[in-house]
Structures are given as structure tokens and as C-alpha cells.
Undergrad: 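Got a structure for you, questions after.
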Amino acid sequence: MISFKNQYISLNLKSKKELKSFLSEIFRKEGHSVGRIMYLFTSDEALYQLNKQFLNHSFFTDILTFPIIQENLKASAEIFISVPRVKENALKYQVSFSHELYRVMIHGILHLCGYSDYSSILKAKMREKEDFYLSKLRSVIDY
């Protein structure tokens with residue numbers, strides 16, 4: 001089950017039902033079962049504090065994925081996304097806010113499916129997967 005929640009900000013996602021279905025399908029295509037995934041859309045400061053508290057990182061980021069261990073081995077997590085950081089990155093990379101938001105949402109799922117971005121080679125592979133799923137999403141949601 002995938003759900004969305006706003007925390008300290010206001011974000012109105014369109015086509016939520018189709019988006020949830022699409023995101024669930026990524027898990028299936030990557031050979032995983034989806035458990036409970038909660039996307040929390042929040043502020044830069046809130047994500048900074050989580051990054052500092054749990055990862056000991058003193059920098060801003062657009063996403064933090066916190067896996068939840070479950071006995072049934074279904075992928076479950078809380079995925080925090082900084083909406084202001086996504087907006088800033090959309091401008092930086094000259095893409096729409098929706099495009100960047102969906103890319104980050106897919107990025108969180110890919111982490112849960114075992115993909116990493118801790119080296120330039122791994123980062124390139126993850127970006128390739130993000131681009132693949134973004135191209136598929138365009139046929140489901142017009143963004």
C-alpha cells in the first residue's frame with residue numbers, strides 16, 4: 001500500500017490512484033513485493049534535521065528513504081521528500097517540477113529494490129533506471 005502525506009508544506013498530487021499503481025508496479029518489475037510505503041512531503045529544514053539526526057550528515061538533500069524491516073519481506077518504508085529542494089533541483093536541471101518530483105519518488109523505490117548511488121558507476125545505473133521508469137510514467141500520467 002502506497003500513501004502520501006504532507007508535513008509542513010502543501011502539495012497537491014494529481015492522478016494519485018494511477019501514480020500509486022505505477023509505483024507499485026515498479027516493485028513488481030524489480031522482483032519485489034510492496035508492503036507499506038509512506039511518502040512524506042516536507043520542508044527543507046525538516047529533511048535537514050532528519051539527515052543530521054539519523055545519518056549524521058550536515059547538508060540538505062531532496063530525499064531520505066527509511067526502510068522498515070518486516071517479517072513478510074515486503075518492501076516497506078517512510079520516504080521523506082523536501083518539496084523546496086525538488087523545486088530548486090527542477091530549476092537547476094531545467095525540468096518541470098512534476099518531472100523532478102516523480103524522478104525523486106522513483107529514486108526512493110529503487111533504493112528499496114537494492115539500487116545504490118554511492119559511486120559514479122552506481123549513480124549512472126540508478127539514473128538510467130529512473131529515466132526508464134519516468135518514460136513509462138508519461139504514458140500513465142501526463143506531466
Undergrad: Taking L110 as the starting point, is it possible to reach L122 by hopping between hydrophobic residues whose side chains are less than 4.5 Å apart?
TA: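 Not linked; separate clusters.
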Undergrad: Would you say I37 ends up clustered with I141 if hydrophobic residues are merged whenever their side chains have heavy atoms under 4.5 Å apart, either directly or through other cluster members?
TA: yes
Undergrad: What orientation do H111 and Y118 show, parallel under 30°, tilted 30 to 60°, or perpendicular over 60°?
TA: tilted
Undergrad: Going from CD on E45 to CZ on F60, what distance comes out if it is rounded to the nearest 0.5 angstrom?
TA: 5.5 Å
Undergrad: Side chains of D44 and S82: is there a donor and an acceptor less than 3.5 Å apart?
TA: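 Distance-only check passes for D44 and S82.
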Undergrad: Apply salt bridge (Lys or Arg N to Asp or Glu O under 4.0 Å) to K136 and D131, showing your working.
TA: CA-CA 9 Å; K136 300 293 183 199; D131 290 343; over 6 Å; no
Undergrad: Do the side chains of F80 and Q7 get nearer than 4.5 Å, heavy atoms only?
TA: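 The answer is yes, as the side chains (C-beta and beyond) meet within the 4.5 Å cut-off.
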Undergrad: So does K17 get a backbone contact from the side chain of S21, meaning a donor-acceptor N/O pair under 3.5 Å?
TA: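 No, because the side chain of S21 does not come within donor-acceptor range (under 3.5 Å) of the backbone of K17.
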Undergrad: Can you tell me if OH on Y8 sees more than 12 non-hydrogen neighbours from other groups inside 6.0 Å?
TA: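 Check fails, neighbour count at 12 or below.
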Undergrad: Check whether S3 reaches the backbone of M38 with its side chain - one donor and one acceptor, N or O, closer than 3.5 Å.
TA: no
Undergrad: With a 4.5 Å cut-off on side-chain heavy atoms, are F4 and L19 touching?
TA: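 L19 reaches F4 side chain to side chain.
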Undergrad: Quick one: does L134's side chain get under 4.5 Å of H99's, heavy atoms only?
TA: yes
Undergrad: What heavy-atom pair brings P84 and S43 nearest, and what distance separates the two atoms?
TA: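 Here P84 and S43 meet closest at CD-CA, 4.2 Å.
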Undergrad: Decide whether L137 and F132 are clustered together by the hydrophobic rule: side chain heavy atoms of Ile, Leu, Val, Met, Phe, Trp, Tyr closer than 4.5 Å, transitively.
TA: yes
Undergrad: Side chains of V83 and F97: does their closest heavy-atom pair fall under 4.5 Å?
TA: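 In contact.
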Undergrad: I'd like to know if E100 and K87 make a salt bridge, using a cut-off of under 4.0 Å between side-chain N and carboxylate O.
TA: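 So E100 does not pair with K87 through a salt bridge.
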Undergrad: Is the closest side-chain heavy-atom distance between S24 and I2 below 4.5 Å?
TA: yes
Undergrad: I need the minimum non-hydrogen distance between A77 and T65, along with the two atoms involved.
TA: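 Where A77 meets T65 most closely, the heavy atoms are CB-CG2, 4.3 Å.
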Undergrad: Please say which of D62, N89, I106, L13 ends up in a side chain to side chain contact (heavy atoms under 4.5 Å, CB included) with L101.
TA: L13
Undergrad: Can you get from Y115 to L112 by hopping between Ile, Leu, Val, Met, Phe, Trp and Tyr side chains that sit under 4.5 Å apart?
TA: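 Yes, Y115 and L112 fall within the same hydrophobic cluster.
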Undergrad: Nearest 0.5 angstrom please: K29 NZ to F22 CZ, how far?
TA: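 Output value for this atom pair is 7.0 Å.
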Undergrad: For E30, is there an ion pair with K129 - N to carboxylate O distance below 4.0 angstrom?
TA: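 E30 and K129: salt-bridged.
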Undergrad: Are any non-hydrogen side-chain atoms of L23 and I109 less than 4.5 angstrom apart?
TA: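 SC-SC contact between L23 and I109 confirmed.
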Undergrad: When you group the ILVMFWY residues by side-chain heavy-atom contacts below 4.5 Å and let the links chain together, are L47 and F54 in the same group?
TA: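 Yes, because F54 and L47 connect within a single hydrophobic cluster, where side-chain heavy atoms sit under 4.5 Å apart.
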Undergrad: Between the side chains of E130 and Y102, does any donor sit under 3.5 Å from an acceptor?
TA: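 Their side chains do not contain a donor-acceptor pair, so the 3.5 Å distance test is not met.
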Undergrad: Where do S76 and G35 come nearest, in terms of heavy atoms and distance?
TA: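 Shortest heavy-atom separation between S76 and G35 comes out as OG-CA, 3.5 Å.
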Undergrad: When you compare the side chain of F27 with that of C113, does any pair of heavy atoms fall below 4.5 Å?
TA: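 C113 reaches F27 side chain to side chain.
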Undergrad: Work out which heavy atom in A90 is nearest to a heavy atom in S96; give both atom names and the distance.
TA: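 Closest approach of A90 to S96: CB-O, 3.8 Å.
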Undergrad: For a quick test of reading the model, state the closest non-hydrogen atom pair linking K74 to V34 and the distance between them.
TA: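 Heavy-atom minimum between the residues: CD-O, 3.6 Å.
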Undergrad: Any side-chain heavy atom of I68 sitting closer than 4.5 Å to one from R36?
TA: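 The answer is yes, as the side chains (C-beta and beyond) meet within the 4.5 Å cut-off.
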Undergrad: Give, for atom CZ of R138 and atom OG of S98, the distance between the pair rounded to the nearest 0.5 Å.
TA: 9.0 Å
Undergrad: Supply the atom-to-atom distance T42 OG1 to K5 NZ, rounded to the nearest 0.5 angstrom.
TA: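 Answer for the OG1-NZ pair, T42 versus K5, is 10.0 Å.
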Undergrad: Do H107 and D117 have side-chain N/O donor and acceptor atoms under 3.5 Å apart?
TA: yes
Undergrad: Judged by modelled atom types alone, do E78 and Y39 share a side-chain donor-acceptor pair under 3.5 Å?
TA: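 Not at all, the side chains of E78 and Y39 share no donor-acceptor pair under 3.5 Å.
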Undergrad: To the nearest 0.5 Å, how far apart are CD1 in I63 and CG in N51?
TA: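 Rounded to the nearest 0.5 Å, the CD1-CG separation comes out at 11.5 Å.
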Undergrad: Going through the checks in order, is the side-chain contact (heavy atoms from CB on, under 4.5 Å) test met by I79 and I81?
TA: CA-CA 6 Å; I79 300 174; I81 295 176; 4.2 Å; yes
Undergrad: Could you measure the distance from the CG atom of L11 to the CG atom of N6? Nearest 0.5 Å is fine.
TA: 5.5 Å
